[in-house]
Participant: 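Take a look at this one; I'll ask things after.
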Amino acid sequence: MVDYAVDGNIAVLSVNNPPVNALSHRVREGLLNGIEKAARDDKVKAVIIIGKGRTFPSGADITEFDKPVREPWLTVVGRAIEASRKPVISALHGAALGGGLEIALFSHYRIASKKGSVGFPEVALGILPGAEGTVRLPRVTGPAVAMEMISSGRRVGAQEALKFGILDKVVEGDLLKEAKLFAESVKDKPLDGRRLKYVKPKGAESVDAIYEGALAEVKKRFKGFNAPVNCLMSVKGAVKLPYEESCALERQLFTELMSGGQSRAQRYAFFAERAATKWRLPCGASAANTKPSEITSTGVIGAGTMGSGIAICLIRVGIPVVMVERDEKMLQKGMRTISDILGESVRRKRMTSERRTECLRLLKGAASLEGLKDVDVVIEAVFENLALKKEIFAKLDKICKPSAILCSNTSTLDIDQIASATSRPDKVMGAHFFSPAYIMRLLENIYGAKTSPQTVATIMQLGKTIGKIPVLVKTCHGFVGNRMNQKFSSEAFFMLEEGALPQDIDQVLEDFGMPMGPFKVGDLAGLDIGWNIRQEVAKKLGVSLTLETKYLNAERYSSLADRLYEMGRHGRKTGKGWYRYEKPMAVKAYPDADVTEMINSHAKAIGLTRRTVSAQEIIERSTYAAINEGFKILEQGVAEKPEDIDVIWLYGFGFPRYRGGPMFYASQVGLSRVYERICHYHKTLPYSSYWVPSDLLRRLASYTTQLPMDQWTKFTDCKL
Ligand SMILES: CCCCCCCCCCCCC/C=C/C(=O)SCCNC(=O)CCNC(=O)[C@H](O)C(C)(C)COP(=O)(O)OP(=O)(O)OC[C@H]1O[C@@H](n2cnc3c(N)ncnc32)[C@H](O)[C@@H]1OP(=O)(O)O
């Protein structure tokens, strides 16, 4: 775990705990023993701490957080480093993060390789740097930089870290060699001023103002999260209090967060995201045993919002794209959109102008599908119509090379149906991007009955390559995200009819942590989209919808949204929807008395007496309807594990990360409580079959001791 070696009179402690050199108990022990050993060895005049493999320690071992803390604590190790009479130099490469950066700040000197980076990402785990990171960083950078770095958790490159005073030197070439030269240069120097505990932090006179400004910023940017606020409080304490008192305050604020629910949820989300990449198919194929094929060229069909967004994802990472659009004007518009979006990236300094030019060179337009005959992967992004998609896939099957993989960006349609239009169902998948495709990180990849493991491996890898969080699900109507979200939003309409108003429901769900309530989302997306889908569904069922329709296909139905649409209120784009806007496309939503009036008269027309709908009922009916569907999704093997569902909701719908995701949230509320409330709604809301309790949930809720989430799918009938 920590190798000890002496070269001349320099001791080198090499941390060797792959993959990220996490500061596990054995690493902490090894570092402490190494420092004590170097102190006893008279030959040794200086000590280097370095990481083997790809990085300097990237933090405490998060997997130890829910276990009893085993000594030596990181702070004990750190204080031994700082107390050393021989200079200790931390030599950083890779990502020196969290506890790793804290070890470096206990060291007397810090050097880093040019490509190295530092940071305190603890805030993303719902905690704060608890080994004096909040106390030491401001002693080096001052309060403003320390508050920004620690409350945002952002990574800082070596040059910026040098500028902030975090590093003493940035080196090129062999880091260990450079570290030994540096150690030789300081080994006889006094250590006064090199021990941060004795350095008086700067900015005491301005820290209150800095704190107030930073607090306003984090409350806006990280609404609902506790950790960023505690980070700021701890840094402020470091500047205003004596050293030991500031350490005590940090420990108090750290422990408060560590024992809170938000950190548990955020640590769960960290590992859930990584678990989602470890996909498995019912046939036993998995990420571990299936090799993806190489992708050197791609095609995108459709130059609209989704098509151009998908093309950006691909060219941005250097993958050539042929974008096919029959309509020449649409094609040119799509090409211009891509150029403008990349231009905006240059303006925001997220990309150089040269890089933008290189990306655009990878983009070719074509008016016919023939342009796709040589590509490795095609992603179709045309109108959501099954017949149209089947027609296109049949043509692609004849045009594309036999090895080409054909993907559809469909958001709900059956992949098996689409695949049936081809002679290569083994090479057909769904690749469901969330809009805007070049921003949203979720990629819901959908396999059909005949999709081959290699096709799955290839598209899952493509998702990672283009910077997405790819999650694998089995085909069904609506897949996972939209299937659950449809229940989540259905209840919102029914609660409108029963007594709530759009602004009530949106406010409650935004206070719960959703980025935007369902009615604001509807106005943003455009109410005509939903109207078209409902008309399509009714047409397929052979029925026509009226403004008094109360049931569709024996399921409760609300025609409120139809009324709104037929009032010409199509959302932000028309300046009116569930809300009123000062002008079309304006952002600020104002409650509208006309909508309230329409809802009241609609309720009367369908014979409903309106009542007060409580905040608790709004939260339960929205989330539990989705959660119940989530358990049915697990039962049916549509998602392999609850983490997959939660990652989809975290990255596809903005479910608050400090609640972990709908399935984790259910585990925290308690499955028996959730089950009991779903039974209540099933009884009181009999005309929505999605309230029939999930059988898996019923079984799990029957346990007196709730099973851990990784045991849940042991109870599904489907064999994964
Ligand atoms: C109530 C108790 C109170 C006690 C009070 C005591 C006081 C003192 C306590 C002090 C507490 C400690 C203070 C310090 C805290 C921390 O350091 S918290 C951790 C901070 N660090 C991080 O958050 C970094 C997390 N990791 C990453 O950001 C990335 O992994 C990476 C390092 C940037 C590498 O990314 P990438 O190359 O993409 O690899 P990944 O897939 O992300 O990771 C590879 C595998 O490694 C696992 N892993 C990563 N980081 C950690 C970690 N810190 N701990 C454990 N495991 C980690 C990751 O899960 C992957 O695992 P597999 O999926 O199994 O491969």
Side-chain angles (χ1 to χ4, degrees), residues 15 17-28 31 51 53-79 92-106 115-137 149-150 152-157 227 230-231 234 246-264 266-279 286-288 441 464-465 467-470 641 643 647 657 710:
V15 179
N17 182 25
V20 298
N21 285 328
L23 293 159
S24 63
H25 167 247
R26 286 186 57 200
V27 170
R28 298 195 303 273
L31 283 173
R54 62 181 179 167
T55 181
F56 191 80
S58 285
D61 185 337
I62 312 172
T63 61
E64 291 182 350
F65 280 12
D66 292 319
K67 300 168 192 158
V69 182
R70 293 177 65 188
E71 296 189 28
W73 286 2
L74 195 56
T75 37
V76 169
V77 177
R79 290 190 174 194
L92 316 177
H93 76 294
L97 304 176
L101 179 53
E102 288 173 312
I103 284 293
L105 290 171
F106 277 106
K115 290 193 177 148
S117 62
V118 299
F120 280 121
E122 286 89 333
V123 68
L125 299 170
I127 55 175
L128 55 75
E132 302 186 21
T134 65
V135 171
R136 291 169 176 271
L137 188 64
M149 271 184 69
I150 294 174
S152 68
R154 78 178 174 96
R155 203 86 66 81
V156 169
N230 279 30
C231 289
S234 201
S246 58
C247 290
L249 174 66
E250 178 191 83
R251 264 198 306 279
Q252 175 208 323
L253 294 167
F254 171 86
T255 307
E256 186 185 296
L257 291 171
M258 180 63 105
S259 44
Q262 288 201 358
S263 179
R264 256 199 309 280
Q266 290 174 253
R267 297 197 311 266
Y268 161 82
F270 174 87
F271 289 112
E273 217 174 285
R274 286 154 181 81
T277 62
K278 301 182 182 70
W279 53 268
S286 69
R441 292 198 60 202
K464 283 184 92 169
T465 305
K468 298 291 181 188
I469 304 271
K641 49 191 180 296
E643 288 88 342
V647 170
R657 199 173 180 89
D710 60 6

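Just so you know, ligand 1 is whichever comes first in the structure, and atom 1 is the first atom listed for that ligand. We number each residue from 1, following the sequence as shown. This one's a predicted model, so the numbers in the text were calculated from it and none came from an experiment.
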Participant: Considering only the protein, which heavy-atom contact is closest to atom 1 (C) of ligand 1, and what is its distance?
Facilitator: M258 CG, 3.6 Å
Participant: If you count the atoms of ligand 1 from 1 in the order shown, which ones are under 4.0 Å from a heavy atom of G59?
Facilitator: 17 (O), 21 (N)
Participant: Ignoring hydrogens and angles, tell me if any N or O in the side chain of E250 forms a donor-acceptor pair with the backbone of S234 under 3.5 Å.
Facilitator: no
Participant: Answer yes if a protein heavy atom lies under 4.0 Å from atom 41 (O) of ligand 1, otherwise answer no.
Facilitator: yes
Participant: Minimum distance, heavy atoms only, to atom 46 (O) of ligand 1: which one of P68, P19, A96 is it?
Facilitator: P19
Participant: Going by the closest heavy atom to atom 14 (C) of ligand 1, which one wins out of K464, Q252, E102?
Facilitator: E102
Participant: Taking heavy atoms and a distance under 4.0 Å, where does L125 meet ligand 1: side chain, backbone, both or neither?
Facilitator: side chain
Participant: Hey, is E64 one of the residues with a heavy atom under 4.0 angstrom from ligand 1?
Facilitator: no
Participant: Between K278 and ligand 1, does any nitrogen or oxygen pair lie at a separation below 3.5 Å?
Facilitator: yes
Participant: Hey, looking at atom 16 (C) of ligand 1, which of G78, A60, A22 has the closest heavy atom?
Facilitator: A60
Participant: Any protein heavy atom at under 4.0 Å, with atom 54 (N) of ligand 1 as the reference point?
Facilitator: yes
Participant: I'd like to know whether CZ of R70 has more than 12 heavy-atom contacts from other residues, nucleotides or ligands below 6.0 angstrom.
Facilitator: no
Participant: Can you report which non-hydrogen protein atom sits closest to atom 7 (C) of ligand 1, along with the distance?
Facilitator: G130 O, 3.9 Å
Participant: Can you tell me the protein heavy atom closest to atom 27 (C) of ligand 1 and the distance?
Facilitator: F270 CE1, 4.1 Å
Participant: Distance-only, no hydrogens or angles: does the R136 side chain make a donor-acceptor pair with backbone N or O of E102 under 3.5 Å?
Facilitator: no
Participant: Looking only at protein heavy atoms, which one is nearest to atom 22 (C) of ligand 1, and what is the separation?
Facilitator: P121 CG, 3.5 Å
Participant: Heavy-atom distances under 4.0 Å decide this one: backbone, side chain, both or neither, for I62 against ligand 1?
Facilitator: both
Participant: Looking only at protein heavy atoms, identify the closest one to atom 56 (N) of ligand 1 and say how far it is in Å.
Facilitator: F271 CE2, 4.3 Å
Participant: Who's the nearest protein heavy-atom neighbour of atom 37 (O) of ligand 1, and how far?
Facilitator: R54 NH1, 3.1 Å
Participant: Establish whether atom 25 (C) of ligand 1 and some protein heavy atom are separated by less than 4.0 angstrom.
Facilitator: yes
Participant: Hey, which atoms in ligand 1 end up nearer than 4.0 Å to a heavy atom of D61?
Facilitator: 54 (N), 55 (C)
Participant: At their closest point, which heavy atom of L128 faces which heavy atom of T134, and how far apart are they?
Facilitator: CD1-CG2, 4.2 Å
Participant: Measuring only between side-chain heavy atoms, which start at C-beta, is V123 closer than 4.5 Å to N230?
Facilitator: no
Participant: Do I469 and E273 come within less than 4.5 Å of each other through their side chains, counting heavy atoms only?
Facilitator: yes
Participant: Check whether F270 forms a cation-pi arrangement with R274 (NZ or CZ under 6.0 Å from the six-membered ring centre, at most 45° off the ring normal).
Facilitator: yes
Participant: Mind listing the closest non-hydrogen atom pair of K278 and K641 along with its distance?
Facilitator: O-NZ, 3.7 Å
Participant: If we only count heavy atoms from C-beta on, is the I103 to P57 side-chain gap below 4.5 Å?
Facilitator: no
Participant: Ignoring hydrogens, just give me the one of T55, L128, L97, T75 whose non-hydrogen atom is nearest atom 28 (O) of ligand 1.
Facilitator: L97
Participant: Hey, does R274 come in under 3.5 Å of ligand 1, counting only N/O atoms on both sides?
Facilitator: yes
Participant: For R26, does the CZ atom sit with more than 12 other heavy atoms under 6.0 Å from it, leaving out its own atoms?
Facilitator: no
Participant: Please confirm whether the backbone N or O of L125 pairs with a side-chain atom of S263, one donor and one acceptor, at under 3.5 Å?
Facilitator: yes
Participant: Checking a contact table here: which protein heavy atom is nearest atom 21 (N) of ligand 1, and how many Å away?
Facilitator: S58 O, 2.9 Å
Participant: Looking only at protein heavy atoms, which one is nearest to atom 31 (C) of ligand 1, and what is the separation?
Facilitator: V20 CG1, 4.6 Å
Participant: Counting N and O atoms only, with roles assigned by atom type, does the side chain of H25 sit under 3.5 Å from a partner on the main chain of V69, one being a donor and the other an acceptor?
Facilitator: no
Participant: Does some side-chain heavy atom of N21 sit less than 4.5 Å from a side-chain heavy atom of V27?
Facilitator: no
Participant: Please check this pair: side chain of R28 against backbone of L23, looking for a donor-acceptor N/O pair closer than 3.5 Å.
Facilitator: yes
Participant: Within the structure, is a non-hydrogen atom of F120 found at a distance of less than 4.0 Å from ligand 1?
Facilitator: no
Participant: Does even one non-hydrogen atom of S259 get within less than 4.0 Å of ligand 1?
Facilitator: no
Participant: Under 3.5 Å, side chain of E643 to main-chain N/O of A276, donor-acceptor pair present?
Facilitator: no
Participant: I'd like to check which ligand 1 atoms, numbered from 1 as shown, lie under 4.0 Å from a non-hydrogen atom of R155.
Facilitator: 33 (C)
Participant: Looking only at heavy atoms of P129, does any of them come nearer than 4.0 Å to an atom of ligand 1?
Facilitator: no
Participant: Has T55 got a side-chain atom pairing as donor or acceptor with A95's backbone, closer than 3.5 angstrom?
Facilitator: yes
Participant: Test of understanding: given a 4.0 Å heavy-atom threshold, classify the contact between Q266 and ligand 1 as side chain, backbone, both, or neither.
Facilitator: neither
Participant: Looking at atom 35 (O) of ligand 1, is any protein heavy atom nearer than 4.0 Å to it?
Facilitator: no
